[in-house]
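On a predicted model such as this, the values are computed, not experimentally measured, just so you know. Below, all heavy atoms of this structure are taken into account, side chains as well, without hydrogens, waters or symmetry copies. Each ligand, and each atom within it, is numbered from 1 in the order the structure gives.
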Amino acid sequence: MKRSCAPVIVLLLSCLFSACRKTQVQPESGSSIVVGFSQIGAESAWRVCNTRSVQEAAAEAGIQLFYYNAEQKQENQIKAIRSFIAYQVDVIAFVPIVLDGWENVLEEARDAGIPVLLCDREINLDDESLYSGYLGTDMVRQGRSAAEYLIKKFAGDETGRPAADTAGPVRIIELRGTTGSSPEISRAEGFREVIDKFPEFEIIYSASGDFLRSKGYELMRNILDETRDFDVIFSHNDSMTLGAIDAMKERGIRPGTDIIIVTTDAEQAAIEALRAGEVNCVVECNPRQGPDIVRLAARLARGETIPPVTYMDETVFTEWDDLSGLPPRGY
Ligand code: GYE
């Protein structure tokens, strides 16, 4: 495909790509495949692994990846997508930081004839044809899994495992992800779908820690300044959980013993905390999406269709599991 070289940025990009051109995966057109990838940022170990997975898979496949780190700003993602359009990449792959506000730029991509692959997070659109497919994880199921663990923990389960020692309501603190993002909304939705069926469970506080360890610490420190009358933390990611654990330890509270903790992502530090008894359940969210993103992008570059939704395989780790054989998580 002939590339336009109007703006200076495109000229710079052309120099950049020509300098790193490799043996290429050849689509039918006979030219190399160029993928524009707009990533949210580097807010968590999960995100860093997600980015690395895409970069390594693209290098392995000989696909030229135009990677842009939006540093947590939607406007930066929109600018990046516009630069991908100006350069006339073959495919645009992006992780939408929040659900809303993408119609205009995706219409521009469609008008430029560039297919769009959604990665990791989902978006709200009236016209779903503005993107070709989604690859990520089932975050509603992740929320359900977190709640299902708590039901087993506090109500006992079919294997007769002892229920947690508690009388009266089970009071839950929820640490939510970035407000308006699909993981924040979907994990909360799935969690409530299950927990709301059990009246003895009550979410007494829910706030966003923006998936950041520092904000997880701040939230927990502020909560502990107000009260210690809660039984559970449900956290939308491990970074916030680790920050909350720091705040609890400063007050002599035993995470995993005094307070039951359910966390999401399954980064190495969370698995270590599970092994140490400082966390009770870790719901995996698989960041290694690179190979599938590259595979789907190559199909789009060849003009093929892809499935509307592709979910990653993932699991749940609990305090009842034998973790001795679990390999290093790599993030
Ligand atoms: O849980 C968190 C990251 O979008 C599923 O974003 C991802 C989430 C993940 O910051 O660690």
(request) Any atoms of ligand 1 less than 4.0 Å from a non-hydrogen atom of R187? List them with their elements. (result) 1 (O), 5 (C)

(request) May I ask you to identify the nearest protein heavy atom to atom 11 (O) of ligand 1, giving residue, atom name and distance to one decimal place in Å? (result) D265 OD2, 2.6 Å

(request) State the atoms of ligand 1, each with its element, that fall below the 4.0 Å cut-off from a heavy-atom position in S44. (result) 2 (C), 3 (C), 10 (O), 11 (O)

(request) May I ask you to decide whether E71 forms a salt bridge with K73, counting only side-chain N to carboxylate O separations under 4.0 Å? (result) no

(request) Could you list which atoms of ligand 1 come closer than 4.0 Å to a heavy atom of C285? (result) 5 (C)

(request) Check ligand 1 against P183 and write out every atom of the ligand that is under 4.0 Å from a heavy-atom position of the residue. (result) 4 (O)

(request) Kindly indicate whether the side chain of M248, heavy atoms from C-beta on, has any atom under 4.5 Å from the side chain of I233. (result) yes

(message) With respect to W46, determine whether any N or O atom, backbone or side chain, lies less than 3.5 Å from an N or O atom of ligand 1.
(response) no

(request) Using a strict cut-off of less than 4.0 Å between a Lys/Arg side-chain nitrogen and an Asp/Glu carboxylate oxygen, indicate whether D265 and R47 qualify as a salt bridge. (result) no

(message) Quick one, F154 with I260, criterion side chain to side chain contact (heavy atoms under 4.5 Å, CB included). Give me CA distance, side-chain angles, the key distance, then yes/no.
(response) CA-CA 10 Å; F154 284 92; I260 302 302; 3.6 Å; yes

(request) Check each atom of ligand 1 against the heavy atoms of E43 and keep those under 4.0 Å away; list them by number with element. (result) 3 (C), 6 (O), 10 (O)

(request) Tell me which protein heavy atom sits closest to atom 6 (O) of ligand 1, plus the residue, atom name and distance to 0.1 Å. (result) R121 NH2, 2.8 Å

(request) Show which atoms of ligand 1 fall inside a sub-4.0 Å distance from at least one heavy-atom site of D120. (result) 4 (O), 5 (C), 7 (C)

(request) Assert yes or no for the condition that the ring centre distance of Y205 to F230 is strictly below 6.0 Å. (result) no

(message) Is it true that H236 and Q142 share a donor-acceptor pair across their side chains at a distance under 3.5 Å?
(response) no

(message) Less than 4.0 angstrom from a charged side-chain N to a carboxylate O is my criterion; do R275 and E272 meet it?
(response) yes

